[in-house]
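Down below is the structure, laid out as structure tokens.
Worth knowing before you read on, the calculation uses all heavy atoms, side chains too, and leaves out hydrogens, waters and symmetry mates.
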Amino acid sequence: MRRKPPRALGSRATRVKVLTSLLVAFLCALLGFGYAVQVHNTKSTYEGLSEDELVRLLDETSTQVDKLEERKSQLGEQLRSIQSAADKQQEAARIAKQNETASGILAGHLPAEGKGVEISIQEGNDRVDASTMFTLIEELRNAGAEVIALNGVRVVTSTYVKDSKDGVVCDGHNLTAPYRIQAIGDPDALQNAVQIAGGVGSRIKVQFHAQVSVTQSNSVRIDQIRQPQHYQYAQTVQ
């Protein structure tokens with residue numbers, strides 16, 4: 001019997017190279033398309049903003065940068081204080097106690113008082129949804145709010161808001177209108193974040209036909225506190 005001649009290995013290798021090249025080209029084209037869409041969406045997002053909204057974003061970004069620079073300076077001073085102290089352990093303990101108070105306020109474990117704003121939202125025929133309420137909280141945070149309470153519920157980093165049958169649920173608490181938000185921070189910046197043209201306050205008025213009022217105060221007191229969370233897996237580094 002005559003044996004069948006073996007296939008040429010060269011032709012098979014050529015086909016593999018061609019298929020590989022086509023696959024790589026396809027992946028590169030797909031990646032380039034995704035990048036182009038992302039860039040286009042980013043540009044479209046900013047191009048669609050009004051001048052007032054762009055100014056507000058710039059102000060909020062500047063506020064966040066200033067706070068980070070201030071925190072960096074504070075940490076640098078604390079480090080130099082510990083390094084120059086005769087009793088480094090005692091100085092470290094003093095600074096830790098000082099930071100504990102500040103962290104306790106930010107984490108919601110301690111009451112707080114200071115300048116800020118009080119916001120009242122009186123609903124009309126339409127109900128303000130949870131997404132809009134959460135956007136309002138985020139706008140206040142971006143504007144530099146240090147402590148926030150929503151209808152007596154202390155807002156912390158893990159706070160969630162969802163819709164309910166009668167209003168919204170905030171961290172397990174059923175809340176109904178009128179909504180009262182207290183925020184401690186720069187009163188002008190906080191009020192501007194809510195009332196600026198095209199801002200969240202305007203959207204609440206137009207979309208939900210609600211009444212939104214913002215009142216500045218030299219003494220906003222937030223007594224509501226959150227109990228420290230007990231972690232099952234995370235432990236403090238010794």
Problem set entry | Contacts of Gln122 that satisfy side chain to side chain contact (heavy atoms under 4.5 Å, CB included) - sequence neighbours left out | Pro178, Gln211
For this session: Could you point out which residue of Thr135, Val194, Val128 forms a side chain to side chain contact (heavy atoms under 4.5 Å, CB included) with Ile204?
Result: Val128
Exercise. Can you tell me if Tyr160 uses its side chain to pair, donor with acceptor, with the backbone of Phe134 under 3.5 Å?
Worked result: no
Exercise. In terms of hydrophobic clusters joined by side-chain contacts under 4.5 Å, are Leu140 and Val220 together?
Worked result: no
For this session: Identify the two heavy atoms, one from Ala193 and one from Ala143, that lie closest to each other, and give their separation to 0.1 Å.
Result: CB-CB, 3.6 Å
Seminar exercise, completed: Hits for side chain to side chain contact (heavy atoms under 4.5 Å, CB included) against Ile137, two or more places apart or cross-chain, chain-then-number order -> Arg141, Ile148, Leu150, Val155, Val161
For this session: For Ser219, enumerate each residue passing the side-chain hydrogen bond (donor to acceptor under 3.5 Å, both in side chains) test, keeping only those at least two apart in sequence or located in another chain.
Result: Glu113
Exercise. Under the side-chain hydrogen bond (donor to acceptor under 3.5 Å, both in side chains) test, which residues partner Asp223, sequence neighbours left out?
Worked result: Arg221
For this session: Return the minimal non-hydrogen interatomic distance between Gln216 and Pro187, and the atom names on each side.
Result: OE1-CB, 3.4 Å
Exercise. Val156 and Leu110: same hydrophobic cluster, using ILVMFWY side-chain contacts below 4.5 Å?
Worked result: no
Problem set entry | Atom of Leu190, atom of Gly144 and distance for their closest heavy-atom approach | CD2-C, 4.4 Å
For this session: Return each pair, listed once, that meets salt bridge (charged side-chain N to carboxylate O under 4.0 Å, His left out) where at least one residue sits in residues 164-173; pairs must be two or more places apart or across chains.
Result: Asp171-Arg226
Exercise. Quick one: do Ile196 and Val117 end up in the same hydrophobic cluster if we chain Ile, Leu, Val, Met, Phe, Trp and Tyr together by side-chain heavy atoms under 4.5 Å apart?
Worked result: no
Problem set entry | Results of side chain to side chain contact (heavy atoms under 4.5 Å, CB included) for Lys205 - residues two or more places apart only | Val212
Exercise. Got a donor-acceptor contact below 3.5 angstrom from the Asn151 side chain to the Thr176 backbone?
Worked result: yes
Problem set entry | side-chain hydrogen bond (donor to acceptor under 3.5 Å, both in side chains) against Gln207, all qualifying residues, sequence neighbours excluded | none
Exercise. Mind checking what makes side chain to side chain contact (heavy atoms under 4.5 Å, CB included) contact with Ala112, not counting sequence neighbours?
Worked result: Ile105, Val147, Arg154, Ile184
Exercise. Is there a path of hydrophobic side-chain contacts, each under 4.5 Å between heavy atoms of I, L, V, M, F, W or Y residues, that connects Leu175 with Ile181?
Worked result: yes
Exercise. How long is the span from the CG atom in Asn192 to the CD atom in Glu139, to the nearest 0.5 Å?
Worked result: 10.5 Å
Problem set entry | Sequence neighbours excluded, every pair satisfying salt bridge (charged side-chain N to carboxylate O under 4.0 Å, His left out) that has a member inside residues 188-200 | none
Exercise. Is His209 close to Asn125 at the side-chain level, that is, under 4.5 Å between some pair of heavy atoms?
Worked result: no
Exercise. Tracing side-chain links under 4.5 Å among I, L, V, M, F, W and Y, which residues wind up in one group with Val206?
Worked result: none
Seminar exercise, completed: residues 117-133 vs salt bridge (charged side-chain N to carboxylate O under 4.0 Å, His left out), sequence neighbours excluded, gives Glu118-Arg180
For this session: Quick one: name the residues clustered hydrophobically with Ile225, using the 4.5 Å side-chain heavy-atom rule over I, L, V, M, F, W, Y, and just say none if it's on its own.
Result: none
For this session: Could you tell me whether the side chain of Leu136 reaches within less than 4.5 Å of the side chain of Tyr179, counting heavy atoms only?
Result: no
Seminar exercise, completed: Between Ala130 and Asp163, the two heavy atoms sitting closest are N-OD1, 2.7 Å
Exercise. Do you know the tightest heavy-atom contact between Val153 and Cys170?
Worked result: CG1-SG, 3.8 Å
